[in-house]
Novice: 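Here it is, the structure in full.
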Amino acid sequence: MRISQYFMPILRDDPKEAEIASHRLMLRSGMIRQEAAGSYSWLPMGFRVLKKIEQIVREEQDRAGAIEVLMPTIQSADLWKKSGRYNAYGPEMLRIRDRHDRDMLYGPTNEEMITDIFRSVQSYKDLPRNLYHIQWKFRDEVRPRFGVMRGREFLMKDAYSFDLDREAGQHSYNKMFVAYLRTFARMGLKAVPMRAETGPIGGKDSHEFLILADTGESEVFFDRDFYDMDWSNFDIDYDDVGKVAKLVDDFTSKYAATDEKHDKAEFEQRVPEARRLTGRGIEVGHIFFFGTKYSEPLGCLVQGPDGKQVPVQSGSYGIGVSRLVGGIIEASHDENGIIWPEPVAPFKLGLINLKAGDAETDQACEKIYRGLAAKGVEVLYDDTDERPGGKFKVMDLIGLPWQVIIGPRGLKDGIAEVKNRKTGERSNVPLADIIGRFSN
RNA sequence: CGGAGUGUAGCGCAGUCUGGUAGCGCACCUGCUUCGGGAGCAGGGGGUCGGAGGUUCGAAUCCUCUCACUCCGACCA
C-alpha cells in the first residue's frame, strides 16, 4: 500500500480525551475514530489489525474443533424472557422496540439463541459439538472508557459447547482452555489463566485469561513460574482427553488470581516469596462451564443411549477481539508509539523513501516495493514527499515491525537501512538482499 | 447513577467575567528555499461558536431549556 493513496489520518498531537497509551496511540495513528461514547469506527489501519486478530482466533477455534456460525446482533426478547435473563440483565442491555411494538434487544451475548438453535439436535449421537461466532455485541456500560478496551460496542468471539454429560463437558472446556493458550501465544501475549468468579452467567468452572499491563482493570497475583513455562508450543491432539487435561492441570495448578479471588494466606503458603508476582491485568478471555443453566429452561434436550431425555451440558467461551487490539498495544509500546507483534501487525514492514521525486531513489524504492508485493509481503510504502523527520516519526508511531529506509546516501553504496522497531537495531543491507530477507 | 468539567476550523486552545467585524498554534493549499529524526519565508483557504428559545439596536459572550462528550467514584468482556 502506498501512503500517497491510503487513508491514514495521523494526529500529530495527543487528543485530550485519551488517557491511556492504547487509546491515545490508536487515535494518533488513525486506527479508530470515536463515533459516540464507547463506539468507534475502525479506520483502515485499525481494521487490518482487528481482522488479523480475528483470523488467529478463528484458526485456533477451528483447530480445536469448534464450528463457525453467525447469529444476528438484534435478538427477540422472547428467548431472554424464557431464560429469566430479560429481567436479570439490567440496564446494561440495550432494549429496542420494532415497528410492531415487539421487544427486541441488541445482544450482549448469545447463550439463549445458540441453545435455541441447538434444540434441533435430538440424539446423543450428534454430540459433542461446539459452535462459535465472531460478532458485534453491545453492552450499555455506565461509563465507557479506555477506547476500545471498554467500549459499549465491541467485537467478541463467543463459543458454546454441548455435551451429553458433565465429564464430556469437562473435556470440551479443557479444549477451549488449551485453544486460548495457543490463541494468545500466537499474538505474542502471555495471557495468564486465573480462577474466576462465575458472575451472572453462573456455573462451576470458570477461568479468566489476563495479560499484564499497568493500566489493567484488576490487580493480579500469580506465580512467576507462569513466565518460565513454554507458551509457544501447545501442539496437542485435542482428541487426547488425558493429555489435554494434563496441560490444563499444569496451567491451573500454579497460583494465579485476580483481587476478587485472591487469598493472601494461600498465596504466601503456596508460592515462595521470590516467585510472587503482583501487577495489573486486562481480561482478554473468559471461559465458563455452566451445565444445564440454559438447556433446562429452554428445553434443549437430547436422547441418551439409554433412551432417556436429558438437558445438554454447556459451556461458553469468550474472547474480546476488539479489546485485544487495545490490550496488545498496552502490552507493547514505547514513548515513540506502538510496537506491533508481527502476527497482528497491519503491515509487516514500512518502506521509507527519503527523497520522493528523486529519480534514482524512486526507482530503487519502487523495485523493492513491487518485489516484496510479488512475494506476498505486506508493505506500507511511504512514497509521499514529506520530509524524512516526519516519515520516521510516523513510521515509529504506527509501529510496523520492520522499517526499510532508502535514501540517496545509502543508495550510493547500493544499500538500504533496515530497522527493527522493537529493538531499535539498525543494519545496512545490500539492496539486492532486501526482498529475499523479508520473503518467507 | 453520584461528583467535577468541557463543547469555538481536522487537532490543541484563547476569547465569555465586562455584549460591539470570530482569533492563535499545528495541520491543509500555492510559490520559493530546504531535505537522514516532526524546516524557513511569503501568500492563501476553511467556523451553523453543540442545539432551541429568550433579552438586546446588536449575543460565542447575558437568561432559560436541552443535547453531547470527558474525567473521578461505584460497575463491567
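Just so we're clear, the structure is a prediction, and the values are computed from it rather than from any experiment. Proteins come first, then strands; the chains are lettered A, B, ... in the order of their sequence lines, and each starts at number 1.
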Novice: Quiz question: going by heavy-atom distance under 3.5 Å, is there a donor-acceptor pair between the base of rC76(B) and the side chain of R150(A)?
Specialist: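 Donor-acceptor pair under 3.5 Å: yes.
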
Novice: If you check the R409(A) side chain, which of rC11(B), rC76(B), rG36(B) turns out closest?
Specialist: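 Taking heavy atoms from C-beta onward, the closest nucleotide is rG36(B).
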
Novice: Using a heavy-atom distance cut-off of less than 4.0 Å, which residues of residues 360-372 of chain A contact RNA chain B?
Specialist: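 Of all residues in residues 360-372 of chain A, none places a heavy atom under 4.0 Å from RNA chain B.
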
Novice: Is there a side-chain contact between K391(A) and the phosphate of rG37(B), meaning an N or O under 4.0 Å from OP1 or OP2?
Specialist: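 No, because none of the side-chain N or O atoms of K391(A) sits under 4.0 Å from OP1 or OP2 of rG37(B).
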
Novice: Do we see a donor-acceptor contact under 3.5 Å between the side chains of H133(A) and Y160(A)?
Specialist: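 No - no donor-acceptor pair under 3.5 Å links their side chains.
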
Novice: When you get a sec, tell me which of rC72(B), rC11(B), rG36(B) is the closest nucleotide to the side chain of D13(A)?
Specialist: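 From the listed options, rC11(B) comes nearest.
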
Novice: Would you indicate what D158(A) reaches in the nucleic acid, counting non-hydrogen atoms under 4.0 angstrom: base, sugar-phosphate, or nothing?
Specialist: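 Answer is nothing: D158(A) stays at 4.0 Å or more from every strand.
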
Novice: With a 4.0 Å cut-off on N to O distance, would you call R63(A) and E60(A) a salt bridge?
Specialist: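 A salt bridge links R63(A) with E60(A).
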
Novice: Which nucleotide in the list rG12(B), rG73(B), rG36(B) gets nearest to the side chain of E417(A)?
Specialist: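 Closest of the options to the side chain of E417(A): rG36(B).
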
Novice: Could you measure between the two C1' atoms, the one in rG58(B) and the one in rC1(B), and give it in whole Å?
Specialist: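 One C1' to the other, the span is 43 Å.
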
Novice: Using 30° and 60° as the class boundaries, would you call the ring planes of F177(A) and Y173(A) parallel, tilted or perpendicular?
Specialist: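 Aromatic pair F177(A)/Y173(A) classed tilted.
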
Novice: For atom P, what is the distance between rG38(B) and rG31(B), given to the nearest Å?
Specialist: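 Pairwise P distance, rG38(B) against rG31(B), rounds to 25 Å.
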
Novice: For rG46(B) versus rC28(B), give the span between their C1' atoms, rounded off to a whole number of Å.
Specialist: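 Their C1' atoms lie roughly 9 Å apart.
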
Novice: Is any side-chain heavy atom of M8(A) closer than 4.5 Å to a side-chain heavy atom of V394(A)?
Specialist: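 The answer is yes, as the side chains (C-beta and beyond) meet within the 4.5 Å cut-off.
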
Novice: Below 4.5 Å, heavy atoms only, C-beta onward: do T109(A) and R85(A) meet side chain to side chain?
Specialist: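 Side-chain contact under 4.5 Å: yes.
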
Novice: Is G389(A) touching bases, backbone alone, or none of the nucleic acid, heavy atoms closer than 4.0 Å?
Specialist: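 Since only primed, P, OP1 and OP2 atoms lie under 4.0 Å of G389(A), the category is sugar-phosphate.
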
Novice: Ring-on-base stacking between F154(A) and rA77(B), under 5.5 Å between centres and under 30° between planes: is it there?
Specialist: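 Yes; centroid distance and tilt both under limits.
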
Novice: May I ask which nucleotide in the shown strands pairs with rU6(B), Watson-Crick or G-U wobble, both distances under 3.5 Å?
Specialist: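 Answer to the pairing question: rA68(B), which forms a Watson-Crick or G-U pair with rU6(B).
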
Novice: Taking atom P in both rG53(B) and rU6(B), compute the distance separating them and give it to the nearest angstrom.
Specialist: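 The answer is 25 Å between these two P atoms.
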
Novice: Rounding to an integer number of Å, can you tell me how far M93(A) CE sits from rC76(B) P?
Specialist: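 Checked: the CE to P distance equals 17 Å.
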
Novice: Considering only atom P, compute the distance from rU33(B) to rC26(B) and round it to an integer number of Å.
Specialist: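 The same atom, P, in both gives a distance of 22 Å.
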
Novice: Taking atom types as modelled, find out whether D396(A) and Q403(A) have a side-chain donor-acceptor pair closer than 3.5 angstrom.
Specialist: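 Side chains of D396(A) and Q403(A): pair found under 3.5 Å.
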
Novice: Which nucleotide, if any, forms a Watson-Crick or G-U wobble pair with rU18(B), using both distances under 3.5 Å?
Specialist: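 Across all strands, not a single nucleotide pairs with rU18(B).
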
Novice: Got a salt bridge between D223(A) and R276(A), using NZ or NE/NH1/NH2 to carboxylate O under 4.0 Å?
Specialist: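 Answer for the salt bridge query: no.
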
Novice: Name the closest nucleotide to the L11(A) side chain, picking from rC11(B), rU70(B), rG38(B).
Specialist: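 Looking only at side-chain atoms, L11(A) lies closest to rC11(B).
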
Novice: Considering only heavy atoms and no angle criterion, is a donor-acceptor pair shorter than 3.5 Å present between the side chain of R387(A) and the base of rA39(B)?
Specialist: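 Side chain to base: pair present.
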
Novice: Taking atom types as modelled and ignoring hydrogens, do the side chains of D62(A) and Y132(A) form a donor-acceptor contact shorter than 3.5 angstrom?
Specialist: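 Yes, side-chain donor-acceptor contact under 3.5 Å.
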
Novice: Could you check which nucleotide pairs with rC28(B) in any of the strands shown, counting Watson-Crick or G-U wobble with both distances under 3.5 Å?
Specialist: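 With both distances under 3.5 Å, rC28(B) matches rG44(B).
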
Novice: Flag the pair E111(A) and K293(A) as a salt bridge only when some basic side-chain nitrogen lies within less than 4.0 angstrom of an acidic carboxylate oxygen.
Specialist: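 A salt bridge is absent here (no side-chain N lies under 4.0 Å from a carboxylate O).
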
Novice: For rU55(B), give its Watson-Crick or G-U wobble partner with both distances under 3.5 Å, or none.
Specialist: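 Its partner: none found.
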
Novice: What is the nucleic acid contact for K157(A), judged by heavy atoms within less than 4.0 Å: base, sugar-phosphate only, or nothing?
Specialist: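 Since no nucleic acid heavy atom lies under 4.0 Å of K157(A), the category is nothing.
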
Novice: By the 4.0 Å heavy-atom rule, please label G30(A) as base, sugar-phosphate, or nothing.
Specialist: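 Result for G30(A) = nothing.
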
Novice: Going by purine N1 to pyrimidine N3 plus the second Watson-Crick contact, or the G-U wobble pair, all under 3.5 Å, which nucleotide sits opposite rC35(B)?
Specialist: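 Its partner: none found.
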
Novice: From the list rG38(B), rC1(B), rC76(B), which nucleotide is the closest neighbour of the side chain of K393(A)?
Specialist: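 Closest of the options to the side chain of K393(A): rG38(B).
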
Novice: Base, sugar-phosphate or nothing for V394(A)? Non-hydrogen atoms, less than 4.0 Å.
Specialist: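 Contact class for V394(A): base.
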
Novice: Just to be sure I understand the rule, does G318(A) reach a base, reach only the sugar-phosphate, or reach nothing, if contact means heavy atoms closer than 4.0 Å?
Specialist: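 The answer is nothing, as G318(A) stays clear of every strand by at least 4.0 Å.
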
Novice: Considering only atom C1', compute the distance from rA52(B) to rA59(B) and round it to an integer number of Å.
Specialist: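 Looking at atom C1' only, rA52(B) and rA59(B) are 15 Å apart.
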
Novice: Does E386(A) come within less than 4.0 Å of K391(A), counting only side-chain N to carboxylate O?
Specialist: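 Salt bridge between E386(A) and K391(A), a charged N being under 4.0 Å from a carboxylate O: no.
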
Novice: If the threshold is 4.0 Å, N to carboxylate O, is there a salt bridge linking D98(A) and R102(A)?
Specialist: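 A salt bridge links D98(A) with R102(A).
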
Novice: If you only use heavy atoms from C-beta on, which nucleotide in rC76(B), rC11(B), rC35(B) is closest to the side chain of P388(A)?
Specialist: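 My answer, after comparing the listed nucleotides, is rC35(B).
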
Novice: How far, in whole Å, is rU56(B) from rG20(B) if one measures between their C1' atoms?
Specialist: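 Approximately 12 Å lies between the C1' atom of rG20(B) and that of rU56(B).
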
Novice: Scan I405(A) against the nucleic acid and name what it touches under 4.0 Å (heavy atoms): base, sugar-phosphate only, or nothing.
Specialist: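 Base contact.
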
Novice: Considering only side-chain heavy atoms of R12(A), which listed nucleotide, rA77(B), rC26(B), rA74(B), is closest?
Specialist: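 Looking only at heavy atoms from C-beta outward on R12(A), the closest nucleotide is rC26(B).
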
Novice: OP1, OP2 of rG73(B) versus side-chain N and O of R145(A): anything below 4.0 Å?
Specialist: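 Answer yes for this pair, as a side-chain N or O of R145(A) is under 4.0 Å from OP1 or OP2.
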
Novice: May I ask you to evaluate whether Q34(A) reaches the phosphate of rU70(B), defined as a side-chain N or O under 4.0 Å from OP1 or OP2?
Specialist: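 So the side-chain polar atoms of Q34(A) do come within 4.0 Å of the phosphate oxygens OP1 or OP2 of rU70(B), strictly under.
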
Novice: When the P atoms of rG25(B) and rA14(B) are compared, how many Å lie between them, rounded to an integer?
Specialist: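 So the two P atoms sit 15 Å from each other.
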
Novice: Which comes earlier along RNA chain B counting from the 5' end, the contact point of R28(A) or that of E386(A), where each point is its nearest nucleotide?
Specialist: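 Between the two, 5'-proximity favours E386(A).
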
Novice: Between D14(A) and I415(A), name the one whose nearest nucleotide on RNA chain B is closer to the 5' end.
Specialist: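 In this pair, the answer is D14(A).
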
Novice: Checking contacts here: which listed nucleotide (rG37(B), rC13(B), rU70(B)) is nearest the side-chain heavy atoms of E17(A)?
Specialist: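 Per side-chain heavy atoms of E17(A), the pick is rU70(B).
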
Novice: Considering only rC13(B), rC11(B), rA77(B), which nucleotide approaches the side chain of R323(A) most closely?
Specialist: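 The listed nucleotide nearest to R323(A)'s side chain is rA77(B).
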
Novice: Measure from the side-chain heavy atoms of A37(A) and tell me the nearest of rC71(B), rU70(B), rA77(B).
Specialist: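 Looking only at side-chain atoms, A37(A) lies closest to rU70(B).
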
